[in-house]
*Asks:* 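The structure under discussion is supplied below as C-alpha cells; questions concerning it will follow.
Numbers here simply count residues along the sequence, with the first being 1.
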Amino acid sequence: MIRTLLSRMGCLRDRPMKRCRLLLGLAPLTLLGLVLCVCMGPAPKDTGVYLLIDREDTYTVTADSTLAYRSEALYVRQNNTGAVDVQLILPKGQEVLLTDTEEGSSASLQSPSGDVRLLAATDGSDSESTSVTTRRETVANLLRRSNIEVAGDEMVVVDLTSGTTNITVCRQYTRLRNVQVQTDYAVERIASPLMKKGTEEIITAGVPGSVTQTYLDIFVKGKLEKSEFISATADNSVTQVVKYGTLVDSVSRDDKLVNVHRNSDGSGYLVFASGDTMAFSSQVTCNASAYSTKGRGASGRPTQYGNIAVDPSVFPYGTRFYIYTDDGYLTYGMATASDCGTSIKGYKLDLWFDTYREACRFGRRNCTVFVLK
C-alpha cells in the first residue's frame, strides 16, 4: 500500500534527485514527532523545600503545604490541581535577585532593624547573584529558565523583607532576627515625710516601652535547627515616680525612733523604724519626775500612761510631745499635757506610770522633748 502511494507520488522513479527531496521533506516531520513525544511525557514533580520569609514570620513550603499567603511580590496557592511545581507564584514584571551558592554552602542574612539583607556565604564560598525580570510563573520555573539547579540537600529561600525579592539556593541559611517585646514601666516610690500618710502624688507619669531582642536563627532544609539569643537593647520605658506620705499624728510605744531631721528654725521631723514620720515645732530639754496617782488631771483627762503634768504657762493643756530620757534609760514615747503640779514649773515635767514601783524606779531624769505640731 505504501509502495502504491509512493508510486503515485512519483517517488519510485529511479531519479536520485527526487529521493533526496523526499528525505528532506520527511526529516522535519520526524523531528517534530520526537519533540511532541518528549513534551507529552510526565515532567518531574517539584520535591523542593522553600523557606518563605517576610517581615512578620517565616514559613516552610513544600508540595503538600496548605499555606494560604498573598503579598504584592508573591502568593502561595495550594497545590491541589496536580501542578508539577510548588505553587509559589510570582507576578509578572518584577525584578528578582537570584543567588546560587556553591553546593553545600550556606547563605547568611542580617536584620539590624527588622529587615533581612543578604550578606555572603557563611563559609566563605563563592556565590553568584543575578537580577532577573519575572514572568507570571512559579519560583521553580524561574530557577529552571535561569539554569539554576537545586540539589537534594539544598532549599530555596524566598526573602520578601526588602524592596527587592531575594531568592537564594543554599544548604544552610543563617539570619539575625529582631523581636520587639513590649515592656511595662517601673514604679519608683519616694517617701514624703511631711505629706499625710495614705496620700500619694504622681511626680512623673510612667510610659510603657519596648526592648528589641536579637536572635541568631539557623535553617536547614526549611526547618529551624537552632535559635540563639544574641543581645537586647535597653528598655526605653519611662519610670513612674510616685511621692507618698508618711506623716502621722502618733506612733506605737514599740516603734523605735531611728532619725531626727532638724531645720534651721528648730523645727523638723522624726523618722521611725516603721517608716512613719512625725513633725515637731521645737526640741527642748526638760527635767522629769514621775508619779502614778489614779484619777483625773487638772485638764479633766484621766490619769494614764501618756497623760503627763506640765507647767500650763509653758506647755498649754493638749500640747503633744514625744519624749525619751537622755541617759538611754527609757523612751517614754507619746505624751499629752493633761495635768499640773505645784512643783512643776518652767521646763519641768511629771511623767505618769502605771505603778508606783515604775515611778520610783524612774526617779528624776533629764529628757529630750519634741513638741509636736
*Asks:* Surrounding CZ of R145 (heavy atoms of other residues, nucleotides or ligands, distance under 6.0 Å), is the total greater than 12?
*Replies:*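 Counting other residues, nucleotides and ligands, CZ of R145 exceeds 12 neighbours.
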*Asks:* Tell me whether D85 is salt-bridged to R144, with the criterion being a basic N under 4.0 Å from an acidic carboxylate O.
*Replies:*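 Yes, charged N to carboxylate O under 4.0 Å.
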*Asks:* With a 4.5 Å cut-off on side-chain heavy-atom distances among I, L, V, M, F, W and Y, is there a chain of contacts connecting V169 to V220?
*Replies:*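 No, no single cluster joins them.
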*Asks:* Just by modelled atom types, is the Q94 backbone N or O under 3.5 Å from a matching donor or acceptor in the T134 side chain?
*Replies:*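 Yes; at least one donor-acceptor contact below 3.5 Å.
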*Asks:* Can you tell if the side chain of Q172 reaches within under 4.5 Å of the side chain of I218, non-hydrogen atoms only?
*Replies:*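 Yes, close enough: below the 4.5 Å cut-off.
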*Asks:* Can you get from Y329 to L349 by hopping between Ile, Leu, Val, Met, Phe, Trp and Tyr side chains that sit under 4.5 Å apart?
*Replies:*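 Y329 clusters together with L349.
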*Asks:* We want to know whether N178 and T214 form a side-chain donor-acceptor pair, criterion being a heavy-atom distance below 3.5 angstrom.
*Replies:*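 Checked: N178/T214 side chains pair up, N/O donor to acceptor below 3.5 Å.
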*Asks:* Apply side chain to side chain contact (heavy atoms under 4.5 Å, CB included) to residues V251 and M278 and explain how you reach the verdict.
*Replies:* CA-CA 8 Å; V251 294; M278 285 197 304; 4.1 Å; yes
*Asks:* Between R177 and D217, does any NZ, NE, NH1 or NH2 come within less than 4.0 Å of an OD or OE carboxylate oxygen?
*Replies:*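 Salt bridge between D217 and R177, a charged N being under 4.0 Å from a carboxylate O: yes.
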*Asks:* Using 4.0 Å as the upper bound for N to carboxylate O, is an ion pair formed by R171 and E154?
*Replies:*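 Here E154 does not pair with R171 in a salt bridge, since their nearest N and O are not under 4.0 Å apart.
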*Asks:* Could you label the plane-to-plane angle of the Y305 and F353 rings as parallel, tilted or perpendicular, counting under 30° as parallel and over 60° as perpendicular?
*Replies:*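 Rings of Y305 and F353: perpendicular, as their planes differ by over 60°.
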*Asks:* Say whether L372 and M195 are linked into one hydrophobic cluster, either directly or through other cluster members, by side-chain heavy-atom distances under 4.5 angstrom.
*Replies:*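 Hydrophobic grouping puts L372 apart from M195.
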*Asks:* Does D159 form a side chain to side chain contact (heavy atoms under 4.5 Å, CB included) with D54? I'd like the steps, not just the answer.
*Replies:* CA-CA 6 Å; D159 168 31; D54 64 13; over 6 Å; no
*Asks:* Do L160 and I53 make a side-chain contact, defined as non-hydrogen atoms from C-beta onward lying under 4.5 Å apart?
*Replies:*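 Not in contact.
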*Asks:* Might you work through the salt bridge (charged side-chain N to carboxylate O under 4.0 Å, His left out) test for K221 and D153, ending with a clear yes or no?
*Replies:* CA-CA 7 Å; K221 289 290 284 184; D153 62 345; over 6 Å; no
*Asks:* Going by distance alone, is a donor N or O of one side chain under 3.5 Å from an acceptor N or O of the other, for E95 and S131?
*Replies:*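 Checked: E95/S131 side chains pair up, N/O donor to acceptor below 3.5 Å.
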*Asks:* Would you find a donor on one side and an acceptor on the other, under 3.5 Å apart, between the side chain of S210 and the backbone of V181?
*Replies:*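 No; judged by distance alone, with no hydrogens or angles, the pair does not exist.
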*Asks:* Shortest non-hydrogen contact from A309 to I344?
*Replies:*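 Closest approach of A309 to I344, heavy atoms only: O-CG2, 4.0 Å.
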*Asks:* With the threshold set at 4.0 Å, does a side-chain nitrogen-carboxylate oxygen contact exist between D326 and R365?
*Replies:*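 No, no charged N to carboxylate O under 4.0 Å.
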*Asks:* Under a 4.5 Å cut-off applied to non-hydrogen side-chain atoms, are T331 and L257 in contact?
*Replies:*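 Of all side-chain heavy-atom pairs linking L257 with T331, none is under 4.5 Å.
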*Asks:* Is it the case that one hydrophobic cluster holds both L52 and I148, taking links as side-chain heavy atoms less than 4.5 Å apart, direct or via other members?
*Replies:*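 The answer is yes; both residues are in one hydrophobic cluster.
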*Asks:* Determine whether more than 12 heavy atoms belonging to other residues, nucleotides or ligands lie under 6.0 Å from atom OH of Y347.
*Replies:*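 No, not enclosed.
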*Asks:* Give a yes or no answer on whether the side chain of Q240 reaches the backbone of G206 with a donor-acceptor pair at less than 3.5 Å.
*Replies:*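 Checked: pair present.
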*Asks:* Between S338 and N307, is there a donor-acceptor pair closer than 3.5 Å when you use the side chain of the first and the backbone of the second?
*Replies:*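 The answer is no, because no donor-acceptor pair under 3.5 Å joins these two groups.
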*Asks:* For S343 and K348, which heavy atoms make the closest approach, and how far apart are they?
*Replies:*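 Taking every non-hydrogen atom into account, O-CD, 3.8 Å.
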*Asks:* Would you say CG of L194 has more than 12 non-hydrogen atoms from neighbouring residues, nucleotides or ligands within 6.0 angstrom?
*Replies:*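 Counting other residues, nucleotides and ligands, CG of L194 exceeds 12 neighbours.
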*Asks:* Considering only NZ, NE, NH1 and NH2 on the basic side and carboxylate oxygens on the acidic side, decide whether E228 and K226 come within less than 4.0 Å.
*Replies:*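 So E228 pairs with K226 through a salt bridge.
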*Asks:* Which atoms form the tightest heavy-atom contact between T165 and A73, and what is the distance?
*Replies:*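 Heavy atoms of T165 and A73 come nearest at OG1-CB, 3.5 Å.
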*Asks:* When you compare the side chains of T58 and R175, does any donor N or O come within less than 3.5 Å of an acceptor on the partner?
*Replies:*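 A donor-acceptor contact under 3.5 Å links the two side chains.
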*Asks:* Backbone N or O of D265 within a donor-acceptor pair of the N263 side chain at under 3.5 Å?
*Replies:*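 Pair absent, no side-chain N/O of N263 close to backbone of D265.
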*Asks:* What's the shortest heavy-atom distance between N141 and T138, and which atoms?
*Replies:*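 Shortest heavy-atom separation between N141 and T138 comes out as N-OG1, 3.0 Å.
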*Asks:* If only side-chain N and O atoms count, and only distance matters, is there a donor-acceptor pair under 3.5 Å linking T246 with T277?
*Replies:*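 Short answer, yes.
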*Asks:* Do T212 and Q180 have a side chain donor and acceptor closer than 3.5 Å?
*Replies:*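 Side-chain D/A pair, T212 to Q180: present.
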*Asks:* Output yes when a side-chain donor or acceptor of D311 lies under 3.5 Å from a complementary backbone atom of K345, and no otherwise.
*Replies:*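 No, D311 side chain to K345 backbone: no donor-acceptor pair under 3.5 Å.
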*Asks:* Using atom types as modelled and distance alone, determine if a side-chain donor or acceptor of D339 lies under 3.5 Å from a backbone N or O of I308.
*Replies:*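 No: the side chain of D339 does not pair with the backbone of I308.
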*Asks:* For residues E358 and Y356, is any side-chain donor paired with an opposing acceptor at under 3.5 Å?
*Replies:*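 Their side chains do not contain a donor-acceptor pair, so the 3.5 Å distance test is not met.
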*Asks:* Less than 4.5 Å apart, side chain to side chain, heavy atoms only: is that true for T319 and V371?
*Replies:*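 Yes, at least one pair of side-chain atoms sits under 4.5 Å.
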*Asks:* Taking the six-membered ring for Trp, are F219 and Y173 parallel (under 30°), tilted (30 to 60°) or perpendicular (over 60°)?
*Replies:*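 Judged by the thresholds at 30° and 60°, the geometry between F219 and Y173 is tilted.
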*Asks:* Should the pair F370 and F280 be assigned to parallel (<30°), tilted (30 to 60°) or perpendicular (>60°) ring geometry?
*Replies:*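 Tilted.
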*Asks:* Between R189 and E200, is the closest basic N to carboxylate O distance under 4.0 Å?
*Replies:*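 Salt bridge flag = yes for R189 with E200.
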*Asks:* More than 12 non-hydrogen atoms from neighbouring residues, nucleotides or ligands closer than 6.0 Å to NZ on K294, yes or no?
*Replies:*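 Yes, enclosed.
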*Asks:* Can you check whether G209's main-chain N or O pairs, donor with acceptor, with T183's side chain at less than 3.5 Å?
*Replies:*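 Side chain of T183 to backbone of G209, a donor-acceptor pair under 3.5 Å: yes, one is there.
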*Asks:* Please give me the minimum heavy-atom distance between F362 and C367, naming the atom from each residue.
*Replies:*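 Closest approach of F362 to C367, heavy atoms only: CZ-SG, 4.2 Å.
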*Asks:* Does any non-hydrogen side-chain atom of Y244 lie less than 4.5 Å from one of T199?
*Replies:*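 Not touching, per the 4.5 Å side-chain cut-off.
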*Asks:* Do Y332 side-chain atoms and G306 backbone N/O form a donor-acceptor pair below 3.5 Å?
*Replies:*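 Looks like yes, one N/O pair under 3.5 Å.
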*Asks:* Using only atom types and a distance under 3.5 Å, with no angle test, would you say the side chain of D350 pairs donor to acceptor with the backbone of A290?
*Replies:*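 Judged by distance alone, yes, a pair lies under 3.5 Å.
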*Asks:* Return yes if a side-chain donor-acceptor contact under 3.5 Å exists between T99 and S129, otherwise no.
*Replies:*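 A pair is found: one side chain offers a donor N or O, the other an acceptor, under 3.5 Å apart.
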*Asks:* Apply side chain to side chain contact (heavy atoms under 4.5 Å, CB included) to L97 and I167, showing your working.
*Replies:* CA-CA 6 Å; L97 184 64; I167 300 177; over 6 Å; no
*Asks:* Do the side chains of V156 and V139 get nearer than 4.5 Å, heavy atoms only?
*Replies:*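 A side-chain contact under 4.5 Å exists here.
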*Asks:* Linking I/L/V/M/F/W/Y whenever their side-chain heavy atoms sit closer than 4.5 Å, directly or via other members, would L88 and V96 fall into one cluster?
*Replies:*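 Yes, L88 and V96 fall within the same hydrophobic cluster.
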*Asks:* Using a 4.5 Å cut-off on heavy atoms from C-beta on, say whether the side chain of F272 contacts that of N259.
*Replies:*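 No - every pair of side-chain heavy atoms lies 4.5 Å or more apart.
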